[in-house]
Amino acid sequence: MSSNLRIDGARLVSRLTALSMIGATPEGGCRRLALTDEDKQGRDWLVGQMQALGLEVKIDAIGNIVGILKGQQEGPAVIMGSHIDTVGTGGRFDGALGVIAGVEVLAALRDAGLTPKRDMAVIAFTNEEGARFHPDMLGSYVWAGGMSVAAAHAETDSEGVGLGAELRRIGYEGQEAPGFLEAHAYLEMHIEQGPVLESEGGGLGAVTGIQGICWLELTLKGRPSHAGTTPMAYRKDPGLAAARINIFANELTKTIPGQLANSGVIRVQPGNVNVVPETVVMSLDLRNPLDAPLAEAEAALRKFCAELAERDGIAISFRDLARFPATPFTEELIASVEQSAAEFGLPIRRMISGAGHDAQMMSRLCPTAMVFIPSIGGLSHNPAEFSTDDDMVAGANVLLSAAWRAANA
Ligand code: HGY
Ligand code: MN
Ligand code: MN
């Protein structure tokens, strides 16, 4: 790589700050749920930035935004990317940093008057968070051929609003076929979203892969009855059943190595103080670095639910919201990220990702790797999410170096 090639740190930080103003929350974070007006504003801003940079901007049928810097030769491109949608209590960095860093890499090459051998691109993928529509990483999943456009458009949010209708409403149902740009390699920069790098005194993460993910939606049906007059033995209480299931899932994390469990959504109907609930809809987010114990956890949970249903007279049904296997990245590209960090004299260590990322999908298409920067306090999906300017610049320089290497190899 041209040894004096660097990103413009001030421009990186100012673009991130500008994007974080869109959907800014009073707590200092961001709320840009997929395909909402705030997401549209962020998309419009990003398209404007890409156009001002002279990138060829294309939108595909699932709303993925692609900015392309033409190379010297036709053929597969080196793609960088991430997402600009957030969870409800999002921070300023999750996803946005990876997209802004990709834009900055292409801007730095433009400033240096460098044209890569291969095309290079940055993609902002639709609905990575899966907070509004399921599954998560939906835009990259469709891009990678894991889900059809029609099936993705048919997804609905918890209010029954359709994904396709929302894409059209905000003007981001593009003409391009997802995956239209063949990938030679994919690199993603992201905040770690956990405490590991900070606890080791900082430095960067060369991400070796992503753990397996299983998202389930359980619908529990009992019998609504009076909370004051119905003897306890007569109740068919799905609220109590949901609590037992949540505790059982938590117990699994103590017996199955590496197992994680979270119930982030619990909706109770009719939701009145004095009514034993009729229905509870709850989510379970199960993860494990290895597929076999993850499958063991899910099987144990389903068995527990079947026994609970039988004993307590509650009907329990399951719906898959997301199911992605543990995903290893590509050794050659991981080593390239490490080499780039070494070029800048930056400490870096190998680690897997606890969070899902679009890279999990892109690894189905091409060699893939990620670079992490520390999350202060290990916080994410929280308005207080924070990473330092220095770490952002360090990570973006490593992204530039590794992407440039891949684009000219
Ligand atoms: O859930 C995840 O791991 C990611 O934030 N979508
Ligand atoms: Mn993310
Ligand atoms: Mn996230």
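Atoms within each ligand, like the ligands themselves, are counted from 1 in listed order.
Within the 4.0 Å heavy-atom shell around ligand 1 one does not find Gln193. For the pair Phe324 and ligand 1, no heavy-atom separation below 4.0 Å is found.
Ring geometry for Phe248 versus Phe304: interplanar angle under 30°, hence parallel rather than tilted (30 to 60°).
Residue contacts with ligand 1: Asp94 is placed with no nitrogen or oxygen under 3.5 Å of a nitrogen or oxygen of the ligand (distance criterion only). At least one N/O-N/O distance between Gly356 and ligand 1 falls below 3.5 Å.
Listed by number with element, the atoms of ligand 1 under 4.0 angstrom from any heavy atom of Trp215 are 1 (O). Near Ala355, meaning under 4.0 Å from any of its heavy atoms, are these atoms of ligand 1: 3 (O). Taking a cut-off of under 4.0 Å to the non-hydrogen atoms of His381, the atoms of ligand 1 that pass are 5 (O).
With contacts defined as side-chain heavy-atom distances shorter than 4.5 Å, the pair Val66/Trp143 qualifies.
Taking the Mn ion (ligand 2) as the corner point, the angle from His83 atom NE2 to His190 atom NE2 is about 110° (rounded to 10 degrees).
In this structure, Arg350 pairs ionically with Glu331, as a charged nitrogen and a carboxylate oxygen lie closer than 4.0 Å. Under the 4.0 Å criterion applied to side-chain N and carboxylate O atoms, Asp39 and Arg132 are not assigned as salt-bridge partners. A salt bridge links Asp37 with Arg169: the closest approach of a Lys/Arg side-chain nitrogen to an acidic carboxylate oxygen falls below 4.0 angstrom. Ionic pairing of Glu104 and Arg11 is present here: one or more N-O contacts between side-chain nitrogen and carboxylate oxygen are shorter than 4.0 angstrom. Between Lys70 and Asp119, at least one side-chain nitrogen of the basic residue sits less than 4.0 Å from a carboxylate oxygen of the acidic one, meeting the salt-bridge criterion. With salt bridges taken as basic N to acidic carboxylate O contacts below 4.0 Å, none links Asp312 and Arg223.
Note that the CD atom of Glu188 and the CD1 atom of Ile79 stand 12.0 Å from one another [nearest 0.5 Å].
Minimum-distance N/O/S atom of Asp94 relative to the Mn ion (ligand 2): OD1.
For atom 6 (N) of ligand 1, the closest non-hydrogen atom of the protein is Glu128 OE2, 3.2 Å. If you check which protein heavy atom lies closest to atom 1 (O) of ligand 1, you get Arg287 NH2, 2.8 Å. In terms of protein heavy-atom proximity, atom 5 (O) of ligand 1 is nearest to Glu129 OE1, 3.0 Å.
Among the atoms of Glu128, none of the N, O or S atoms falls under 2.8 Å from the Mn ion (ligand 3). Metal site remark for the Mn ion (ligand 3): His381 contributes an N, O or S atom at a distance under 2.8 Å.
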